[in-house]
Amino acid sequence: MLQKIWLYHTNDLHSHFENWPKIAAFIEEKRQVHDRMLLFDIGDHMDRVNLISEADYGKVNVQLLNQLGYDGVTIGNNEGITLPHDKLDQLYEEAQFPVILSNLYENGQRPSWAKPYHILTLENGLKICVLGVTIAYTPVYQKLGWNMTDPFDSIREMLDEVRGQADVIVLLSHLGIIHDREVARDFPEIDLILGSHTHHLLENGEMNNGVLLACAEKYGHYIGCVELTVDTKQKQLIEKKATVQSVDQLISESEEAMTTLKQAERRATSMMQEEVTSIKTKLETKWFDESPLPQLLTDAMKDWCAADIGMMNAGMVLDSLEAGVVTREEIHRICPHPINPILVTLTGKQLRETVQRACEDKMEQLRIKGFGFRGEIMGKMLYSGLTYTIEEGGAKQVKDVFVNGHVINQDDSYTVATVDMFTLGSLYPHIRDQEHIEYFMPEFLRDLLSWRLKESR
């Protein structure tokens with residue numbers, strides 16, 4: 001006898017709660033329609049750019065997942081490395097669903113809130129094994145007191161452990177599309193990979209080595225759906241296909257979700273009125289010129305990391321601060337990024353080339369999404385402890401670079417305090433490719449800003 005099983009999935013919501021009431025109404029409606037339905041989230045549901053998630057460190061996200069009756073979730077890097085150790089450890093205390101994650105450890109043991117796999121037995125006797133792994137930003141996790149194992153090794157270990165125990169194997173993967181394709185290549189015994197992290201949209205899935213890959217983009221723009229057809233007598237998967245539902249096309253909104261979010265917003269707004277400090281005069285922010293507030297943060301980063309040089313784009317600070325009381329909400333508003341300071345060591349030659357790249361117009365005008373940046377434009381690169389001169393005429397060409405008033409020597413080494421987003425992508429290769437990078441965690445840039453504002457009072 002052939003039966004259908006529907007698997008719905010969300011990923012990379014990043015606390016874009018404006019779409020959640022429609023998602024909730026859609027899922028509630030489908031529960032009334034389908035006899036056999038499962039629901040999963042594939043991580044980065046939480047993002048501390050949102051005031052609600054910032055105020056209670058993601059507890060509202062878990063409440064929303066509970067309300068919709070999720071059958072399992074895994075974590076993304078936003079849950080894993082933007083929360084202090086104790087806040088991640090407490091995040092799922094009230095969870096009514098399993099957190100499925102096999103490659104995160106603490107002192108050689110998986111945390112109590114994480115299951116390496118989860119086997120669901122449906123009423124027709126079919127057994128579905130759900131695995132979960134997240135991207136291994138190993139040095140960052142280590143700094144926060146966690147240990148990561150290679151996700152591929154972890155998948156292999158879990159498959160060996162569950163062999164013969166399940167009829168269908170599903171992987172919740174917060175690894176990204178490139179790694180998902182590699183998983184499909186290496187582990188054809190997996191039937192379905194529900195993906196995330198790289199915010200890709202697979203409108204009709206992607207079949208790769210017999211493994212179906214599915215993903216529903218980001219920010220709650222889509223809801224993913226996988227339809228499985230099984231032979232219940234043979235306990236065999238006959239067909240699998242993926243689709244997505246655009247949330248823009250939905251009309252109904254969940255009253256329960258809207259009520260929860262309104263209450264959470266009021267509570268968060270109240271909590272975030274906590275006074276950080278008070279300032280006597282306005283601290284201005286300009287993205288393409290020297291300005292006191294971004295410079296203050298650049299100086300603070302240099303001092304926090306005990307570096308020779310501080311280096312940060314003015315666009316990291318989104319707005320000015322008016323004279324008077326400065327609240328936690330204001331600090332969050334002007335510096336919402338989940339970005340940590342780092343310390344790297346560059347040679348004089350590497351430093352000069354980095355300064356040259358940073359002063360190019362295209363780098364100052366760069367609009368970027370991701371890597372932790374939650375602003376609009378990068379803006380002018382600001383320095384603390386470093387100045388430079390430009391050759392006269394033509395394009396911007398760095399002439400001389402000075403550190404603490406002395407011309408740099410190309411063979412000498414200089415410590416640079418900057419932002420962890422430069423360790424990703426191709427913005428500044430000399431920073432990204434450093435063998436030793438010291439991460440300062442769990443403090444975000446806004447924590448350093450608060451620290452310096454209090455100190456300067």
Side-chain angles (χ1 to χ4, degrees), residues 139-140 143 286-317 337 339-366 368 371-373 375 377-441 443-445 448-449 452:
V140 186
K143 195 71 178 180
K286 296 178 182 178
W287 291 341
F288 299 105
D289 202 354
E290 304 294 337
S291 54
L293 191 53
Q295 187 62 54
L296 182 143
L297 179 53
T298 307
D299 294 342
M301 189 163 53
K302 171 181 175 290
D303 293 343
W304 186 268
C305 300
D308 298 322
I309 303 155
M311 172 180 170
M312 187 198 77
N313 292 88
M316 289 288 176
V317 182
H337 329 279
I339 288 177
N340 305 96
I342 60 166
L343 185 69
V344 297
T345 301
L346 302 181
T347 65
K349 181 175 185 294
Q350 291 172 329
L351 181 59
R352 180 189 180 87
E353 291 173 358
T354 300
V355 171
Q356 175 64 57
R357 183 171 174 80
C359 75
E360 295 172 2
D361 288 342
K362 67 177 183 180
M363 297 301 287
E364 293 187 357
Q365 298 288 339
L366 189 63
I368 192 167
F371 302 141
F373 187 65
I377 201 163
M378 293 304 291
K380 180 182 179 66
M381 184 65 79
L382 303 179
Y383 298 95
S384 181
L386 180 147
T387 57
Y388 62 94
T389 57
I390 296 290
E391 299 276 6
E392 294 183 7
K396 286 184 181 177
Q397 187 65 41
V398 172
K399 181 181 179 182
D400 292 309
V401 178
F402 302 85
V403 172
N404 297 320
H406 301 286
V407 177
I408 61 169
N409 184 316
Q410 70 169 3
D411 296 322
D412 287 349
S413 296
Y414 302 89
T415 55
V416 181
T418 188
V419 293
D420 63 3
M421 68 176 288
F422 294 160
T423 66
L424 306 169
S426 57
L427 292 175
Y428 295 101
H430 288 315
I431 295 174
R432 178 198 62 198
D433 297 339
Q434 286 300 304
E435 185 174 343
H436 179 71
I437 299 172
E438 184 177 355
Y439 292 83
F440 288 76
M441 304 183 79
E443 295 82 13
F444 288 154
L445 293 183
L448 271 63
L449 182 57
R452 179 47 55 90

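Remember, it's a predicted structure, so these values are computed and weren't measured experimentally.
Taking CZ of R357 as the reference point, atom CD1 of I431 lies at 10.5 Å (rounded to 0.5 Å). Taking CZ from R432 and OG from S426, the interatomic distance works out to 6.5 Å, rounded to the nearest 0.5 Å. Here CZ of R352 is found 6.5 Å from CD1 of I408. Values are rounded to the nearest 0.5 Å. Note that the CE atom of M421 and the OH atom of Y428 stand 9.0 Å from one another [nearest 0.5 Å]. Summarising the geometry, atom CG belonging to N340 is positioned 5.0 Å from atom CG belonging to D420; distances are rounded to the nearest 0.5 Å. Between atom CG of residue L343 and atom CD of residue E438 there is a gap of 5.5 Å, rounded to the nearest 0.5 Å.
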Below 3.5 Å, can you tabulate the donor-acceptor pairs from side chains in residues 290-307 to any protein atom, sequence neighbours excluded?
unit_1	atom_1	unit_2	atom_2	d
S291	OG	K286	N	3.0
S291	OG	K286	O	3.2
Q295	NE2	D299	OD1	3.0
Q295	NE2	Y383	O	2.9
T298	OG1	P294	O	2.8
D299	OD1	S384	OG	2.8
D303	OD2	R452	NH1	3.4
D303	OD2	R452	NH2	2.8

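Contact annotation: the side chain of Y388 approaches that of V401 to within less than 4.5 Å [non-hydrogen atoms, C-beta and beyond]. Contact annotation: the side chain of P341 approaches that of L448 to within less than 4.5 Å [non-hydrogen atoms, C-beta and beyond]. Proximity of T347 to Q410: side-chain heavy atoms (C-beta onward) are nowhere separated by under 4.5 Å.
Pairing each heavy atom of K143 with each of Y439, the nearest pair is CE-O, 2.5 Å. When all heavy atoms of Q365 and F288 are compared, the pair lying nearest together is NE2-CE2, 3.8 Å.
Although no hydrogens or angles enter the test, the distance criterion places a donor-acceptor pair under 3.5 Å between the side chain of W287 and the main chain of V317. Between the side chain of H337 and the backbone N or O of M316, at least one donor-acceptor pair lies under 3.5 Å. In this structure, the side chain of Q434 engages the main chain of H430 through a donor-acceptor pair within 3.5 Å. A donor-acceptor pair under 3.5 Å is absent between the side-chain atoms of D400 and the main chain of T389, judged by distance alone. Although no hydrogens or angles enter the test, the distance criterion places a donor-acceptor pair under 3.5 Å between the side chain of Q356 and the main chain of K396.
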Residue pair V140, M441: steps toward the side chain to side chain contact (heavy atoms under 4.5 Å, CB included) verdict: CA-CA 8 Å; V140 186; M441 304 183 79; 3.0 Å; yes
Evaluation steps, side chain to side chain contact (heavy atoms under 4.5 Å, CB included), between D412 and V403: CA-CA 11 Å; D412 287 349; V403 172; over 6 Å; no
Test log, rule side chain to side chain contact (heavy atoms under 4.5 Å, CB included), inputs I437 and F422: CA-CA 11 Å; I437 299 172; F422 294 160; over 6 Å; no
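With V355 as the partner, the side chain to side chain contact (heavy atoms under 4.5 Å, CB included) test is satisfied by one option alone out of T387, I309, V398: V398.
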